[in-house]
Amino acid sequence: MATTDQDDQLVTPWEVTAASQKGVDYDKLIKKFGSTKIEDSLIERIARLTGKPAHHLMRRGIIFSHRDVGLILDAYEKGKPFFLYTGRGPSSEAMHLGHLIPFVFTKYLQDVFDVPLVIQMTDDEKFLWKDMSVEEARRLASENAKDIIAFGFDKEKTSSPDFYKTILRVEKCVTVNQVKGIFGFNDSDCIGKISFPAIQAAPSFSCSFPQIFGGKKDIACLIPCAIDQDPYFRMTRDVAPRLGYPKPALLHSTFLPALQGAMTKMSASEASTSIYLTDSAEDIRDKINKYAYSGGQSTVEEHRRVGGNVDVDVSYQYLTFFLEDDEKLAKIEKDYSSGAMLTGDLKKELISVVQQVVAEHQQRRQQVTEQMVQEFMTPRKLKYSY
């Protein structure tokens, strides 16, 4: 179920908190959720099968856990197809840096495996959970879709779902008691929340996309997502055999911490915790300088003597996500940990990296038109034949 670990951390699809300054204990989550830690052998196998270098998010343990990815690779090795599925719940007009992670990694997977991708925009979920109108939720979905398109997804390989019949099949297999047990719903929750997990489950099955897969229901699905979404797909994996569908495989990412520290994740609804993809270079500089939690010491003298703690320093943690140069990252870790680099210098490094990431994204987003959004969001046949 959505899990509380004896009061020291809470991980659900709606809330993430940890008592430790180091943030969520992901090894503990793996044990609680029953997933599998990603080993070097799996990373090496992906690189070997694709002929492309492993993504830095995998090499650094940010993509840290999985379910049945070995079976996906077995099928790929035999020439059997699979598809990707990920999504976005549009709770704000501007996406933030944390939202980049699953889409950046999904884009990598689409590129190296050359497979179809479906992206679900769950504006219905945000309407049910947030204080907003249906119209506003839909508007936010359209705005967020522009950010997602700006990641460079191939229109000939990417579609949105149309799957009401599959939703009904999933709904018939899951009882109210099961949903309460998995998600913690109670008798005061609206029936929309009770039924929503089936909506998130449905794109896991190829029969939801007859225009792409020609009605085939045996094509496997790989879902890159943050670990807090796992309860939805544990339910999905339980239902799949009863419907005669393959269980979806998953790749889990860690959370990008809030600026104030790893005890919670970055949140789109709390501006001081987040760097938005709409922020100016000045906004980024000011937020990092003002809010980014430091693992440095209280005085320069003490910092030079003792060094900084990269395990809790938010600027360093962000660099592990966004600085692709392994050698430079290793040098920064060494210099900061030894005291040779001060907190101000580390923040300068991060500011430069994040400003570039956000500026490049903003340039790409400016090229996205309303027509492009409509084309991406229209269910249609892709370039593949099955």
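Scope of the values below: all heavy atoms of this structure, side chains included, with no hydrogens, waters or symmetry mates. Given the structure is predicted, the values throughout are model-derived calculations rather than measurements.
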Problem set entry | Residues clustered with L71, ILVMFWY side-chain links under 4.5 angstrom | none

For this session: Give the other cluster members for L342, using side-chain heavy-atom distances under 4.5 Å between Ile, Leu, Val, Met, Phe, Trp and Tyr residues; answer none if it is isolated.
Result: V300

Who pairs with [X] by ring-ring contact (aromatic ring centres under 6.0 Å, His included), at least two apart in sequence or on another chain?
{"X": "F376", "answer": "none"}
{"X": "H303", "answer": "Y336"}
{"X": "F153", "answer": "none"}
{"X": "H252", "answer": "none"}

Report all side-chain donor-acceptor pairs from residues 39-46 shorter than 3.5 Å, counting only partners two or more places apart or in another chain.
residue: R45; atom: NH1; partner: D74; partner atom: OD1; Å: 3.2
residue: R45; atom: NH2; partner: D74; partner atom: OD1; Å: 2.7
residue: R45; atom: NH2; partner: E77; partner atom: OE1; Å: 2.8

Taking side chain to side chain donor-acceptor pair (under 3.5 Å) as the test, write out the residues that go with [X], two or more places apart.
{"X": "Q355", "value": "none"}
{"X": "K155", "value": "E375"}
{"X": "D228", "value": "K265"}
{"X": "K146", "value": "E143, E370"}

Seminar exercise, completed: Taken in chain and number order and not counting sequence neighbours, the residues that satisfy side chain to side chain contact (heavy atoms under 4.5 Å, CB included) with D279 are I275, Y276, D283, I284, K287

